[in-house]
Amino acid sequence: MNIILLGPPGAGKGTQAKRLVEKRGMVQLSTGDMLRAARKSGTELGNEVARIMDAGELVTDEIVIGLIEEQLTRNPDAGYIFDGFPRTLAQADALNASLEKLGQKLDAVIEIKVNDEALVDRISGRYTCADCGTMYHDKTTPTQVEGKCDNCGSANLVRRPDDNPESLKTRLMAYYKQTSPLLGYYYATTGLESINGLADIETVAASIDTVLDL
Ligand code: AP5
Ligand code: ZN
């Protein structure tokens, strides 16, 4: 099964994708995570990617399509959760073409709907364990012991450089201008399921399960 989680920054795509990996053994393909890994390379391309991400703009279609195609070709039937991809109509077309070439298809496109106020709240409170990837939030899900990851005990808790008010504004604009047209695109092609992302994490997860088990 291949699915897309679609939604603005902070909607909960990553949170729900991780849960689906644990529960259903699917593979999360987050272009954001792939690009964060690429920027660590220190190459000229990595530095350019870092500049674009920190400003909150979109990286070029060519780069992200290349990253996804490489993964799909290597392992076509893993069962993917596309998280943060596609983000433009060109990326959506490229994904369709790649899946078709590999004899695969999209089984569901799920929009996680959250209003802007909640997004700002979620993103401004988010921090992550750099060692194991566990995600926390200042208000809703802080670490039990201050400054220490509950899961692995690491003190290496970090905030993303693009989680600041200025970059967030740009990220939201990019979503509304470049990504939201995909809602109509998928509604008219694969079909689109919209769920309420304002509920708590378990309730959102249950809504996703309902869609996938239909
Ligand atoms: P990316 O890493 O994809 O970031 P994003 O889309 O901005 O999404 P986020 O990771 O911020 O949010 P999320 O929806 O995953 O929410 P999360 O689960 O973390 O992209 C980063 C950048 O990379 C882009 O700006 C762009 O530059 C580049 N890029 C990536 N893909 C690209 C592409 N395809 N094309 C071009 N450029 C690309 O949750 C957020 C917070 O809320 C957490 O603290 C969490 O604990 C909390 N939370 C989650 N669910 C709930 C809930 N139900 N109730 C309460 N709190 C919740
Ligand atoms: Zn940890």
Side-chain angles (χ1 to χ4, degrees), residues 3 5-43 46-47 49-57 59 67 71 78-85 110 112-172 175 195-209:
I3 69 167
L5 296 181
L6 203 57
K13 305 180 295 291
T15 302
Q16 296 300 331
K18 286 190 177 62
R19 201 188 147 280
L20 288 168
V21 168
E22 279 168 25
K23 192 169 174 210
R24 295 179 184 250
M26 298 175 76
V27 176
Q28 177 187 13
L29 275 191
S30 156
T31 38
D33 286 350
M34 292 175 180
L35 292 167
R36 277 184 284 279
R39 64 185 283 171
K40 283 191 191 146
S41 65
T43 59
N47 293 339
V49 163
R51 188 199 62 74
I52 296 171
M53 289 178 85
D54 292 352
E57 293 156 9
V59 173
L67 289 170
Q71 181 67 34
Y80 290 107
I81 308 150
F82 296 99
D83 158 14
F85 179 90
I110 301 175
I112 306 180
K113 284 179 92 134
V114 177
N115 63 40
D116 288 357
E117 206 185 331
L119 297 175
V120 173
D121 224 41
R122 286 185 187 181
I123 284 191
S124 47
R126 169 169 61 182
Y127 58 101
T128 311
C129 171
D131 291 319
C132 74
T134 304
M135 215 176 330
Y136 298 97
H137 190 279
D138 291 322
K139 286 190 217 153
T140 51
T141 48
T143 52
Q144 274 160 22
V145 178
E146 206 188 322
K148 263 203 173 160
C149 174
D150 297 344
N151 185 45
C152 74
S154 165
N156 202 0
L157 301 172
V158 293
R159 289 183 197 269
R160 269 169 47 176
D162 56 342
D163 279 353
N164 65 75
E166 208 44 49
S167 303
L168 179 55
K169 230 184 274 170
T170 312
R171 285 159 67 195
L172 279 172
Y175 178 77
I195 61 163
N196 175 18
L198 282 171
D200 61 70
I201 291 172
E202 283 311 312
T203 307
V204 176
S207 306
I208 293 177
D209 282 338

Measuring only between side-chain heavy atoms, which start at C-beta, is [X] closer than 4.5 Å to [Y]?
X    : Y    : result
N115 : L198 : yes
Q28  : D33  : yes
D162 : E57  : no
R160 : T128 : no
I123 : P9   : yes
K148 : L157 : no
T203 : N196 : no
R159 : D138 : yes

Check against side chain to side chain contact (heavy atoms under 4.5 Å, CB included), L67 and L35: CA-CA 9 Å; L67 289 170; L35 292 167; 3.7 Å; yes
Determine, step by step, whether I110 and Q16 satisfy the side chain to side chain contact (heavy atoms under 4.5 Å, CB included) criterion, reporting the C-alpha distance in whole Å, the side-chain angles of both residues, the deciding distance to 0.1 Å, and the verdict. CA-CA 11 Å; I110 301 175; Q16 296 300 331; over 6 Å; no
When rounded to the nearest 0.5 angstrom, what distance separates [atom1] in [X] from [atom2] in [Y]?
X    : Y    : atom1 : atom2 : result
I81  : I208 : CD1   : CD1   : 9.0 Å
M34  : L29  : CE    : CG    : 4.5 Å
R19  : M26  : CZ    : CE    : 12.0 Å
I201 : M135 : CD1   : CE    : 8.0 Å
S207 : E202 : OG    : CD    : 11.0 Å
L5   : T15  : CG    : OG1   : 10.5 Å

Closest non-hydrogen atom pair between [X] and [Y], with its separation:
X    : Y    : result
A17  : D83  : CB-OD2, 4.2 Å
P142 : Y136 : C-CD2, 4.0 Å
C152 : D131 : SG-CB, 4.2 Å
R36  : S30  : NH2-OG, 4.4 Å
A130 : V158 : CB-CG2, 4.0 Å
V59  : I52  : N-CG2, 3.8 Å

Could you tell me whether K169 and D116 make a salt bridge, using a distance below 4.0 angstrom between a side-chain N and a carboxylate O?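 D116 and K169: not salt-bridged.
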Restricting to side-chain hydrogen bond (donor to acceptor under 3.5 Å, both in side chains), what partner residues turn up for Q71, sequence neighbours left out?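 Q71: no side-chain hydrogen bond (donor to acceptor under 3.5 Å, both in side chains) contacts found.
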Check against side chain to side chain contact (heavy atoms under 4.5 Å, CB included), L20 and I3: CA-CA 11 Å; L20 288 168; I3 69 167; 3.7 Å; yes
Yes or no on salt bridge (Lys or Arg N to Asp or Glu O under 4.0 Å) for D163 and R122, after CA distance, side-chain angles and deciding distance? CA-CA 10 Å; D163 279 353; R122 286 185 187 181; over 6 Å; no
Indicate yes or no for a side-chain donor-acceptor contact from E166 to the backbone of A55 under 3.5 Å, with no hydrogens or angles considered.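 Not a single qualifying donor-acceptor pair exists.
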Between K13 and P8 (side chain of the first, backbone of the second, donor and acceptor by atom type, cut-off under 3.5 Å), is there such a pair?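 A pair under 3.5 Å: yes.
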Does D54 have any salt bridge (charged side-chain N to carboxylate O under 4.0 Å, His left out) partners at least two apart in sequence or in another chain, and if so, which?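 D54 satisfies salt bridge (charged side-chain N to carboxylate O under 4.0 Å, His left out) with R39 once adjacent residues are dropped.
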